[in-house]
Enquirer: 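Have a look at this one.
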Number of protein chains: 4
Amino acid sequence: MRIKDESKQKAIINATVKLVNEIGFAACSVSKIADLANVSPATIYIYYKNKEDLLISTFIEIKKMLSETLLVNFDKNRPFRDILKTFWDNGFRFSAKYHDLYLYMEQFANSAFNDLVNHDEIDKHFAPFFEVLKRGIEQKVIKDVPFEMLTAFIFYPMMILANSKQCKNLTLNSETIDKAFSLAWDAIRL
Amino acid sequence: MRIKDESKQKAIINATVKLVNEIGFAACSVSKIADLANVSPATIYIYYKNKEDLLISTFIEIKKMLSETLLVNFDKNRPFRDILKTFWDNGFRFSAKYHDLYLYMEQFANSAFNDLVNHDEIDKHFAPFFEVLKRGIEQKVIKDVPFEMLTAFIFYPMMILANSKQCKNLTLNSETIDKAFSLAWDAIRL
Amino acid sequence: MRIKDESKQKAIINATVKLVNEIGFAACSVSKIADLANVSPATIYIYYKNKEDLLISTFIEIKKMLSETLLVNFDKNRPFRDILKTFWDNGFRFSAKYHDLYLYMEQFANSAFNDLVNHDEIDKHFAPFFEVLKRGIEQKVIKDVPFEMLTAFIFYPMMILANSKQCKNLTLNSETIDKAFSLAWDAIRL
Amino acid sequence: MRIKDESKQKAIINATVKLVNEIGFAACSVSKIADLANVSPATIYIYYKNKEDLLISTFIEIKKMLSETLLVNFDKNRPFRDILKTFWDNGFRFSAKYHDLYLYMEQFANSAFNDLVNHDEIDKHFAPFFEVLKRGIEQKVIKDVPFEMLTAFIFYPMMILANSKQCKNLTLNSETIDKAFSLAWDAIRL
DNA sequence: GATGAATGAGTGTTCATTCAT
DNA sequence: CATGAATGAACACTCATTCAT
């Protein structure tokens, strides 16, 4: 048995991401992806059960990458604000470095496919982040409100600001990123 | 000649919104909409130039409704924080009252169709909101940062919190809504 | 009872002919014709039983016009060759003057609709022409071959030569028309 | 992978030709062709880019066959009249043997599709025929008139006479074919 | 007489997926 | 493993025609 060609799978994923960004989820078909990836449509079904599986797997893959990037330089012994700031900076770094992946992630998360994803599985990768928030509440550094309310003022503003389509007039640089963080921090700190 | 039956157009819009919420944008076809609206597919093309036109027009209609709802009880002479709080409450009221419309709006805004919309036209309806922010900055009540940064901490957290799909574990009531507002306010105030 | 608006009917016929020439029979729809004629699709059904009736009636109308034009200056007492030459010139005059009608006629005659036409009815209008041929045979001026063979060397070459689409490189003027007639005449004369 | 089934393509072409003859160009739809060919509509799009491509390719294929048939027994050293007579006989042979193809060709040539064909490409196959005419003029055997005028008295009468729909009352046999040729020859000879 | 609204049936084409090689 | 051929079902959209006014 030959081994599955990893370069082919990567080509498929890249094509998927690129195409979704170019023409959107609805217009994205398996054969168009195959064309762009320079493989046969049938080949895609070797690597993925079906179209849904391809789209979902790609999403999960990206989410994993994001969680890994977010945790770079994570040191739970540093001051609470600094830890959050590191997350924040890492998030923007990811959005800049892997912009296509980032936009795919957003389109996916707001599509009907999102309902089909096992989010508990994904949340595991973000566990350290939730741990930090939990300690922050316990140590009375941040407000004692539900997690979802906290993330609504940390994660989502970040996602919007990092989304070039939604924020056309805002240039992202270390200055604006810092500024934005001060808003996020003010929102949640006690 | 027969006169245009307004109830038909309403049925088409309702069916569109409902279907997008049920099965998502990508899976939403003209004939499915027609079936749900109890009209012939051809009838849809009397009221709309094509599928794109139907989806965009529906989006704009909803945006208009939202802007109108946001401005209820708007009184520019009240204290700045109160004005914002009124916007905030109106936003959640809209999301509760017209939940389907709200979810449609979100899916649309994150789809590829969003690029086809003339956003300047829509922004006009939200002008009073931007005026308020502008005055807030001038009067040194809120932080002097770009508009898009301010809305990222007011509008978008609201949209996330009001989106039942994204925030499954958060019950919205006047208490949580007030609490969330205090975070938004802390984010932007000086 | 109001009287049928003759100008409307003319507009419909003109639109039909123009559209068939522009986009061809297959692409020609009732609503497109209605648009071009500036009437409602329903109006067409006041004047014609259905689309087929419209197309056929238009064809017959044109054929009638052609037969009338062919008979201009017809004088059975003139020499046989002169009579034919008059037919010949009249034919080219018609094709030049009513070029759109001419091309419509050709497209129609070669389409499947042609089978639906009562050709005996049309042939009546061309009876004088056949009479002339008959006399020509009797007087041993032209070859004694079946009518259809004679027309194949008079009518059809004329139709081809007068069809700008088929004969792109041939300029029609009195000289070339005369020249062509000499070929036709040589073909049939004894 | 499966290999392209040549019999399928042939079935598609046959169905196309047959259907055009039965119901005409305008009424001829892809799904009807697919039904008659016993393939899925989608299969047609494996062999042809679209409907237009199918119709045009079929036309060109037939034209090529015709040109090959016309050139059977072609010997440029025989007397000029004999060469033409051989063309003439070959033409009628083709029209009899491949009557459906012949009628398809005629309908196509008089439809709007004809404008989309690259006629220079087709004319190449008929080059020997034009060569013969050219030599005939040079050797002062036939009249010195434009090519299009000559073909109008050779090709087109032949096409009409061979078209059973246009010439219902004329039986084609070697006698009538010879007779008709004498008219054509008289038309063009000096 | 004249109209635009309304439609079921159809259009050409693409879809996600499977099959044979 | 990898492929292009093959497909039934669906797609967005237009058709010829009728209806109510």
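Heavy-atom basis, side chains included; hydrogens, waters and symmetry copies ignored. Residue numbers start from 1 in every chain, and the chains themselves are labelled A, B, ... in the order their sequence lines are given, proteins ahead of strands.
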Enquirer: Determine the contact category for B/Ser29: base if any of its heavy atoms lies under 4.0 Å from a base atom, sugar-phosphate if only primed atoms, P, OP1 or OP2 are that close, otherwise nothing.
Expert: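 The residue B/Ser29 makes sugar-phosphate contact but no base contact.
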Enquirer: Go through F/dT7, F/dC1, F/dC11 for me and flag the one nearest to the D/Val39 side chain.
Expert: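 Closest nucleotide among those given: F/dT7.
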Enquirer: OP1 or OP2 of F/dT3 versus the side-chain N and O atoms of A/Thr43: is any pair under 4.0 Å?
Expert: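 For F/dT3, OP1 or OP2 has a side-chain N or O of A/Thr43 closer than 4.0 Å.
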Enquirer: What nucleic acid atoms does D/Val30 come within less than 4.0 Å of, heavy atoms only: base, sugar-phosphate, or nothing?
Expert: base
Enquirer: Once you round it to whole Å, what is the distance between P of E/dT17 and CG of A/Asp53?
Expert: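 Taking CG of A/Asp53 and P of E/dT17, I get 10 Å after rounding.
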Enquirer: Select from D/Ser31 and A/Ala27 the residue whose nearest nucleotide in DNA chain E is closer to the 5' end of that strand.
Expert: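 So the residue in question is D/Ser31.
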Enquirer: For E/dA20, give its Watson-Crick or G-U wobble partner with both distances under 3.5 Å, or none.
Expert: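 Looking at the geometry, E/dA20 pairs with F/dT3.
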Enquirer: On DNA chain E, does the nearest nucleotide to B/Lys8 precede the nearest nucleotide to D/Tyr45 from the 5' side, or the other way round? Give the residue.
Expert: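 The residue whose closest nucleotide sits nearer the 5' end is B/Lys8.
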Enquirer: Dump the intermediate steps for side-chain contact (heavy atoms from CB on, under 4.5 Å) on B/Cys28 and B/Ile33, then the final yes or no.
Expert: CA-CA 7 Å; B/Cys28 212; B/Ile33 293 173; 4.1 Å; yes
Enquirer: Specify the residue among C/Lys49 and D/Ala42 whose closest nucleotide of DNA chain F lies further upstream toward the 5′ end.
Expert: D/Ala42
Enquirer: Do you know the tightest heavy-atom contact between B/Lys165 and B/Asn21?
Expert: NZ-O, 3.6 Å
Enquirer: Taking any heavy-atom pair under 4.0 Å as a contact, classify A/Lys32: base, sugar-phosphate, or nothing.
Expert: sugar-phosphate
Enquirer: Please check if atom OH in D/Tyr47 has more than 12 non-hydrogen atoms from other residues, nucleotides or ligands closer than 6.0 Å.
Expert: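 Result for OH/D/Tyr47: enclosed.
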Enquirer: Can you tell me how far P of E/dT7 sits from CG of B/Asp35, to the nearest Å?
Expert: 12 Å
Enquirer: What is the distance from NZ of C/Lys51 to C1' of F/dT17, rounded to the nearest Å?
Expert: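 So the two atoms are 12 Å apart, to the nearest Å.
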Enquirer: Rounded to the nearest angstrom, tell me the gap between atom CD1 in C/Ile46 and atom C1' in F/dT21.
Expert: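 Value for this atom pair: 13 Å.
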Enquirer: Verify the ring-centre separation between C/Tyr104 and C/Phe25: is it less than 6.0 angstrom?
Expert: yes
Enquirer: To the nearest angstrom, how far is D/Tyr47 atom OH from F/dA5 atom P?
Expert: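 Atom OH in D/Tyr47 sits about 7 Å away from atom P in F/dA5.
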Enquirer: Can you tell me the distance, in whole Å, between the CD atom of D/Gln9 and the C1' atom of F/dG4?
Expert: 15 Å
Enquirer: Could you check how far CD1 of B/Ile44 sits from P of F/dA12, rounded to whole Å?
Expert: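 Between P of F/dA12 and CD1 of B/Ile44: 10 Å.
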Enquirer: Which whole-number value in Å describes the distance from D/Tyr48 OH to E/dG12 C1'?
Expert: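 Between C1' of E/dG12 and OH of D/Tyr48: 17 Å.
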Enquirer: Regarding B/Gln107 and A/Asn110, do their side chains bring together a donor and an acceptor under 3.5 Å, going by distance alone?
Expert: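 Absent: no donor and acceptor within the cut-off.
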